[in-house]
Amino acid sequence: MTAADEWLMVESLDLEAQGVAHNAEGKVVFIEGALPGEVVQVTVQRRKNNWEQASAVAWRRESSQRVRPLCPHFGTCGGCKMQHLHVAAQVATKQRALEDALWHLGKVKAERWLRPIEGPAWGYRYRARLSVRFVAKKGKVLVGFHERKSSYVADMERCEVLPPHLSALLMPLRDLVAHMDQRDRLPQIEVAVGDMVTALVLRHLEPLSPGDLERLRAFARDHGVQWWLQPKGPDSVHVLDEGGAELAYSLPEFGVVMPFKPTDFTQVNHQINGVLVSRALRLLEAQPGDRVIDWFCGLGNFTLPIARGVREVLGVEGSEALVQRSRENARRNGLAERTSFEARNLFELAAGDLVAYGVADKWLVDPPREGAFALAKALAELHADAALAPGWTPPRRIVYVSCNPATLARDAGLLVHQAGYRCMAAGAVNMFPHTAHVESLAVFERSDIR
């Protein structure tokens, strides 16, 4: 047990934005609210054989990187974990987390560290899933993120990471739901902001009454939003009233416009996404005569910009609906002749499948949190036994965009130690300021292939 008068020196920050210290017994203590370099007194909430979970209750020394959180709900709302840490220090922490993961999990060191990609620290979150709760005992509706480590919805009046116009809708949305007939059967409002449209997706467990539909239409007129309804699963999402403006985002550097449905996967941070696409393509070093494969291509966020400068791009994605939307987006942007798309389960790829997709000069890989283990494993198998694929050559360069440093490190270990690649460069991407989420990218190259 940590003594009440024991002061702990915080040594580092973990991926959950908790301070890490050791007590007098040498046991690791994870401290909510503490920053590296601080000396704190703690209250222990949870004890295990090898570690303890605690909260800081007093400070003998504060970090020079500690700042006053901008949001009054910080500490209660579970949406942000790092508002008390200067944003530059947040980025440095994420870069360090990437370096540590690559080395400790994959035994890989990048030959060059890229400057982290940064952008606006506030008002950046163009996608969000807001929970809705009618609290009968209090006679009011809550709309927002969950409380930290809780299933309760935080009592939020504003949100500093949402764009200002979305933050300003939180209280009007409360009032709207409070006056709806189905107010206790509306669990969620998903938000998606495009260049010209703010879409709100209302999840409803029962059919909406004519009165509720009219209330939604009046809200849309008053606040300039577009309502979509979701009576069942994601495939049931449909716009309330046809004929409105199109929900889309653009990548002006590449002359690409990307229409999407509000429940499609798109990057949360539009500004960072534009910079990320630009840097990824520079690192890919694709040439006009190249054939490129974009694995986990989604809507074509990387595929279509790549297609502007190469002979051919194949986009492969697990969702048939997203593949269909990718094809439509390619036609919309005049890139259908340079692109092709295929739907398949990318978590079950084998070595023979890679060979069947043909030779590609470069790969762009952008998997979900689970990573791209099957791809990396198949490359390793083909490297170990060239007889499996006579005449086939692996890509000379791979740019891997990751949203999970642990699975990136695992896959990097396979690529470097078993598939013949070098990790040429890596760097963090601060896609989600004030959260512990670490986005990154890494570049792998086979110098023996020309």
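Given the structure is predicted, the values throughout are model-derived calculations rather than measurements. Because only heavy atoms are used, hydrogens play no part in the values below, and waters and symmetry mates are left out as well, while side chains stay in.
Annotation: side chain of Phe341 is not in contact with side chain of Glu320 (no heavy-atom distance under 4.5 Å). The shortest distance between side-chain heavy atoms of Val313 and Leu335 does not fall below 4.5 Å. Contact of the Val153 side chain with the Val143 side chain is not registered, since no non-hydrogen atoms from C-beta on lie closer than 4.5 Å. Side-chain contact between Leu346 and Arg344 is present, with at least one heavy-atom pair separated by less than 4.5 Å. Between Phe265 and Phe260 there is no side-chain heavy-atom pair separated by less than 4.5 Å. Counting heavy atoms from C-beta outward, Phe302 and Leu276 have side chains that approach closer than 4.5 Å. Looking at heavy atoms from C-beta onward, Arg446 lies in side-chain contact with Pro394 at the 4.5 angstrom threshold. Residues Leu375 and Phe296 are in side-chain contact: their nearest non-hydrogen atoms beyond the backbone lie under 4.5 Å apart.
Listed by chain and residue number, nothing satisfies the side chain to side chain donor-acceptor pair (under 3.5 Å) test with Glu157 (two or more places apart in sequence, or in another chain). Remark: Ala374 pairs with Leu349 by the side-chain contact (heavy atoms from CB on, under 4.5 Å) rule, at least two apart or across chains. Listed by chain and residue number, nothing satisfies the side chain to side chain donor-acceptor pair (under 3.5 Å) test with Arg338 (two or more places apart in sequence, or in another chain). Under the rule for a side-chain contact (heavy atoms from CB on, under 4.5 Å), the partners of Lys48 that lie at least two apart in sequence or sit in another chain are Arg46, Trp51. Remark: Lys377 pairs with Glu381 by the side chain to side chain donor-acceptor pair (under 3.5 Å) rule, at least two apart or across chains. Not a single side chain to side chain donor-acceptor pair (under 3.5 Å) links Gln418 to another residue, sequence neighbours left out. With sequence neighbours left out, Pro116 forms a side-chain contact (heavy atoms from CB on, under 4.5 Å) with Val91, Gln95.
In terms of heavy atoms, Ile293 sits closest to Ala360 at CG1-CB, 3.7 Å. Considering every non-hydrogen atom in both Ala436 and Met82, the closest pair reads CA-CE, 4.1 Å. Taking each heavy atom of Pro259 and Ala248 in turn, the nearest pair found is CA-CB, 3.6 Å. Ala56 and Ile31 make their closest contact through N-CG2, 3.6 Å (heavy atoms, listed as atom of the first residue, atom of the second, distance). Of all the heavy atoms in Val29 and Ala54, the pair that sits closest is CG1-CB, 3.9 Å. Residues Tyr421 and Pro395 share a closest heavy-atom pair of OH-O, 2.6 Å.
With respect to Asp155 and Arg174, a salt bridge is recorded, a charged nitrogen being found less than 4.0 Å from a carboxylate O. A salt bridge is defined here as a Lys NZ or Arg NE, NH1 or NH2 lying under 4.0 Å from an Asp or Glu carboxylate O, and Arg332 with Glu246 meets this definition. The pair Glu16-Lys81 counts as a salt bridge, with a side-chain nitrogen and a carboxylate oxygen less than 4.0 angstrom apart.
Remark: the backbone N or O of Ser250 is paired with a side-chain donor or acceptor of Asp195 at under 3.5 angstrom. Proximity of a side-chain donor or acceptor of His146 to a complementary backbone N or O of Ser151 within less than 3.5 Å is detected. Under the 3.5 Å distance criterion, the side-chain polar atoms of Lys261 are matched with a main-chain donor or acceptor of Val237. A donor-acceptor pair under 3.5 Å links the side-chain atoms of Asn23 to the main chain of Glu25, judged by distance alone. A side-chain donor-acceptor contact under 3.5 Å links Asn333 to the backbone of Val257. At least one donor-acceptor pair closer than 3.5 Å links the side chain of Trp227 to the backbone N or O of Leu216. Side-chain atoms of Ser236 do not come within 3.5 Å of backbone N or O of Gln230 as any donor-acceptor pair. Glu52 places no side-chain N or O within 3.5 Å of a backbone atom of Lys27 that could act as its donor or acceptor partner. With hydrogens and angles ignored, the 3.5 Å screen pairs no side-chain donor or acceptor of Ser55 with any backbone N or O of Glu32. Looking only at distances, no side-chain donor or acceptor of Arg397 sits under 3.5 Å from a matching main-chain atom of Val443.
Listed by first and then second residue, the side-chain hydrogen bond (donor to acceptor under 3.5 Å, both in side chains) pairs involving residues 101-123 are Glu111-Arg422 (not counting sequence neighbours). Counting only residues at least two apart or on different chains, the side-chain hydrogen bond (donor to acceptor under 3.5 Å, both in side chains) pairs with a member in residues 427-442 are Gln90-His434, Lys94-Asn430, His437-Glu439. Residue pairs that meet the side-chain hydrogen bond (donor to acceptor under 3.5 Å, both in side chains) test with at least one member in residues 269-278, sequence neighbours left out, are Glu253-Ser278, Asn273-Asn301, Ser278-Arg282. Screening residues 215-229 for salt bridge (charged side-chain N to carboxylate O under 4.0 Å, His left out), with sequence neighbours left out, gives Asp181-Arg215, Asp212-Arg215, Glu214-Arg221, Arg217-Asp241. Residue pairs that meet the side-chain hydrogen bond (donor to acceptor under 3.5 Å, both in side chains) test with at least one member in residues 62-78, sequence neighbours left out, are Glu38-Arg66.
More than 12 heavy atoms of other residues, nucleotides or ligands sit less than 6.0 Å from atom CE of Met171. Other residues, nucleotides and ligands place no more than 12 heavy atoms under 6.0 Å from the NE2 atom of His179. The environment of Phe347 atom CZ is dense: over 12 non-hydrogen atoms of other residues, nucleotides or ligands sit within 6.0 angstrom. In the displayed structure, Asn345 atom CG is contacted under 6.0 Å by more than 12 heavy atoms of other residues, nucleotides or ligands.
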side-chain contact (heavy atoms from CB on, under 4.5 Å) assessment of Arg125 paired with Val193: CA-CA 9 Å; Arg125 189 159 185 164; Val193 180; over 6 Å; no
Worked check of side-chain contact (heavy atoms from CB on, under 4.5 Å) between Asn404 and Leu408: CA-CA 6 Å; Asn404 184 347; Leu408 169 61; over 6 Å; no
Steps toward side-chain contact (heavy atoms from CB on, under 4.5 Å) verdict (Arg127, Thr266): CA-CA 8 Å; Arg127 292 191 61 85; Thr266 57; 3.0 Å; yes
Full working for side-chain contact (heavy atoms from CB on, under 4.5 Å) between Leu176 and Leu173: CA-CA 5 Å; Leu176 167 69; Leu173 283 170; 4.3 Å; yes
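For the atom pair CG of Leu379 and CG of Leu414, the computed distance is 9.5 Å after rounding to the nearest 0.5 Å. The CG atom of Leu186 lies 7.5 Å from the CG atom of Leu205; values are rounded to the nearest 0.5 Å. We find the CG-CG distance between Leu240 and Leu200 to be 11.0 Å, quoted to the nearest 0.5 Å.
Exactly one residue among Asp264, Leu304, Val323 makes a side chain to side chain contact (heavy atoms under 4.5 Å, CB included) with Leu299. That residue is Asp264.
At a cut-off of 3.5 Å, with distance as the only test, no side-chain donor of Glu190 or Thr263 sits close to an acceptor on the other residue.
Seen from the ring of Phe134, Arg185 does not count as a face-on cation partner, given the 6.0 Å and 45° thresholds.
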